[in-house]
Amino acid sequence: MTDHENIVVSRDGRVATITLNRPKALNALNHALMTEFVAAAEELDADPEVGCIVVTGSQKAFAAGADIKEMLEQSYADVYVKDWFSAWDRFGALRTPTIAAVSGYALGGGCEVAMMCDIIVAAESAKFGQPEINLGVLPGMGGSQRLTRAVGKAKAMDLILTGRQIGAEEAERSGLVARVVPTEELLDQVGEIASGIAEKSLPAVYAAKEAVQVALESTLTEGIRFERRTFMAAFAFEDRTEGMQAFSEKRAPQFRHR
Ligand code: CAA
C-alpha cells in the first residue's frame, strides 16, 4: 500500500486497520486526510481478501473534529464548489464491515466518522460530542442525521444544542456505542471482533450489512420485504450450503467466499 501523510494503513490477515495520524492536531480531519483516508478505504473495500476494516486514532484522540483552522479560511463559495466533506459519503457506502475503535476524543467530525462505521467500540477513556454549536455552526458530516437515528431525538438534541461531551458509559447507554472495553485492551478486543467477522462468509456479511442499512432508510414493511428476498437469495450462495451442512455434520464451516 502507498505511503500516506495523515493515516497509517496496516494489515493482519483479513483485517485491515486505518489509523488516523495527525497527532499534533489531535487527528483533526483536514481535506488531505479525508482524501487519503477515503481512497485507502475504497482500495481495501475492493479487495476480497479484506473482510473487516478497523478505523482508529491515538489514545488521546480518535479525532477532534473537522479541521477548524482550515475551515476558517474558506468562503461559502469555496466549500460549495469543492462540495466540502462529500467524499466522506463514499466511506459510509463501503460494503466491507467497518469498526471504529475509539479512545479519547471523538468530537464533531470525529464522532461523525465513528458513526459512519458499522460498529463503534469505545475505550473507557472515550469522549463523544458534537460541539459545532460552540463554533457558530452545526454538524456537517452527517451528525444531525446519524446521531438522531442512533440515540433518538431527546439525546441528539441535547448533544447537538448544548455541545456537551459524553463518556463511554453514557454513549453505550444511549445506543451510540456497541461495547465499552478497558482502554488498554481496545485494539486487542476490536481485533478479535474484526477477525471474527472477517472469517465469516463474505457474501453473507455484505448482505447482512446491507439489510441493516435498509432498516435505517425504509418503512418496516419495505425493510422486511427486502430482508426476506435477500435471505432467499442467500440460498444461492455456496457458503450457505456449506454453513448448513457443517452445522448438520457438527463441524466448523469452510467458507469458500469466506
Ligand atoms: N481543528 C484544528 N485543530 C485542532 C482541532 C480541530 N478540530 N482540535 C484540536 N486541534 C489542535 C489545537 O488547535 C492544538 O493545536 P496547537 O498546539 O497548534 O495549538 C492541538 O490540536 C492540541 O489541541 P488542544 O491544545 O486544544 O488540546 P486540549 O487537550 O487542551 O483540548 C480538545 C482537546 C477539547 C479536543 C480541544 O482541542 C477542542 O476543543 N478541539 C476542537 C473540538 C471541536 O470543536 N470539534 C468540532 C470541529 S467542527 C466539525 O467537526 C464540523 C463537522 O461537523 C464536520
Side-chain angles (χ1 to χ4, degrees), residues 4-8 18-39 41 55-93 98 100-117 120 122-151 153 155-171 174 176-177 183 186:
H4 303 284
E5 259 179 54
N6 301 288
I7 58 171
V8 175
I18 307 179
T19 304
L20 303 171
N21 187 33
R22 280 191 80 205
K24 285 187 186 146
L26 300 184
N27 294 331
L29 308 164
N30 64 5
H31 194 79
L33 185 152
M34 174 184 72
T35 305
E36 284 184 353
F37 180 95
V38 174
V55 179
T56 195
S58 67
Q59 192 147 341
K60 177 163 184 190
F62 178 77
D67 191 309
I68 300 167
K69 294 165 190 168
E70 185 181 56
M71 285 189 292
L72 179 62
E73 308 297 325
Q74 311 290 321
S75 69
Y76 172 67
D78 289 335
V79 293
Y80 182 63
V81 168
K82 290 178 196 158
D83 206 6
W84 207 248
F85 298 149
S86 64
W88 289 111
D89 295 346
R90 307 207 314 266
F91 174 62
T98 51
V102 177
S103 177
Y105 296 111
L107 301 178
C111 186
E112 290 167 299
V113 169
M115 289 191 290
M116 287 171 205
C117 295
I120 303 177
E124 282 163 351
S125 67
K127 291 186 180 64
F128 297 87
Q130 297 288 162
E132 292 89 343
I133 201 76
N134 299 324
L135 301 168
V137 286
L138 64 156
M141 283 164 51
S144 62
Q145 307 304 300
R146 289 197 176 92
L147 186 64
T148 307
R149 282 166 171 76
V151 304
K153 175 189 160 187
K155 202 65 134 184
M157 284 288 192
D158 175 4
L159 295 182
I160 290 169
L161 296 181
T162 68
R164 79 180 173 95
Q165 295 175 17
I166 58 172
E169 199 219 321
E170 186 174 354
S174 308
L176 176 61
V177 154
T183 301
L186 178 67

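All ligand and atom numbering here is 1-based and tracks the order in the structure. We count residues from 1, following the sequence as given. In what follows, every heavy atom counts, from backbone to side chain, and hydrogens, waters and symmetry copies are set aside.
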| field | Ligand-side contact atoms (ligand 1) for residue partner P139, heavy atom cut-off under 4.0 Å | value | 53 (O)
| request: For F85, counting its heavy atoms only, list the atoms of ligand 1 lying under 4.0 Å from any of them. | output: 54 (C)
| Criterion side chain to side chain contact (heavy atoms under 4.5 Å, CB included) on E112 and R146, from CA distance to verdict | CA-CA 8 Å; E112 290 167 299; R146 289 197 176 92; over 6 Å; no
Can you report which non-hydrogen protein atom sits closest to [atom], along with the distance?
atom: atom 8 (N) of ligand 1; answer: A64 CB, 3.4 Å
atom: atom 1 (N) of ligand 1; answer: I68 N, 2.9 Å
atom: atom 10 (N) of ligand 1; answer: A25 O, 3.7 Å
atom: atom 36 (C) of ligand 1; answer: L26 CD1, 4.7 Å

| Reported CG-to-CG distance for the pair N27 and N21, which is rounded to 0.5 angstrom | 7.0 Å
| 4.5 Å side-chain heavy-atom contact, Y105 and Q165 | yes
| said: Within the structure provided, determine whether K127 and I166 are in side-chain contact (heavy-atom separation under 4.5 Å). | reply: no
| request: Could you tell me whether the side chain of S174 and the main chain of L176 form a donor-acceptor pair under 3.5 Å? | output: no
| query | Where the side chain of S125 meets the backbone of G104, is there a donor-acceptor pair that is under 3.5 Å apart? | reply | yes
Ignoring hydrogens, tell whether any protein atom lies closer than 4.0 Å to [atom]; use the non-hydrogen atoms only.
atom: atom 25 (O) of ligand 1; result: no
atom: atom 42 (C) of ligand 1; result: yes
atom: atom 30 (O) of ligand 1; result: no
atom: atom 38 (C) of ligand 1; result: no

| field | Heavy-atom nearest option to atom 28 (P) of ligand 1, drawn from K60, K127, R22 | value | K60
| task | Return the option from K69, K24, M141, E132 holding the heavy atom at the smallest distance from atom 18 (O) of ligand 1. | result | K69
| said: Can you list everything that forms a salt bridge (Lys or Arg N to Asp or Glu O under 4.0 Å) with D89? Sequence neighbours excluded, please. | reply: none
| message | Once salt bridge (Lys or Arg N to Asp or Glu O under 4.0 Å) is applied, do any residues pair with E169, and if so which ones, sequence neighbours excluded? | response | R173
| query | Are any of the N or O atoms of E112 closer than 3.5 Å to those of ligand 1? | reply | yes
Region of [X] that comes within reach of ligand 1 [heavy atoms, distance under 4.0 Å]:
X: L135; value: side chain
X: P131; value: side chain
X: A66; value: both

| field | Sidechain N-carboxylate O distance under 4.0 Å for E36, R22 | value | no
| said: side chain to side chain contact (heavy atoms under 4.5 Å, CB included) for M141 and L29? Distances and angles first, verdict last. | reply: CA-CA 11 Å; M141 283 164 51; L29 308 164; 4.0 Å; yes
| How are the rings of W88 and F37 set to each other: parallel, tilted or perpendicular (split at 30° and 60°)? | tilted
| query | Does M71 have a heavy atom less than 4.0 Å from any atom of ligand 1? | reply | yes
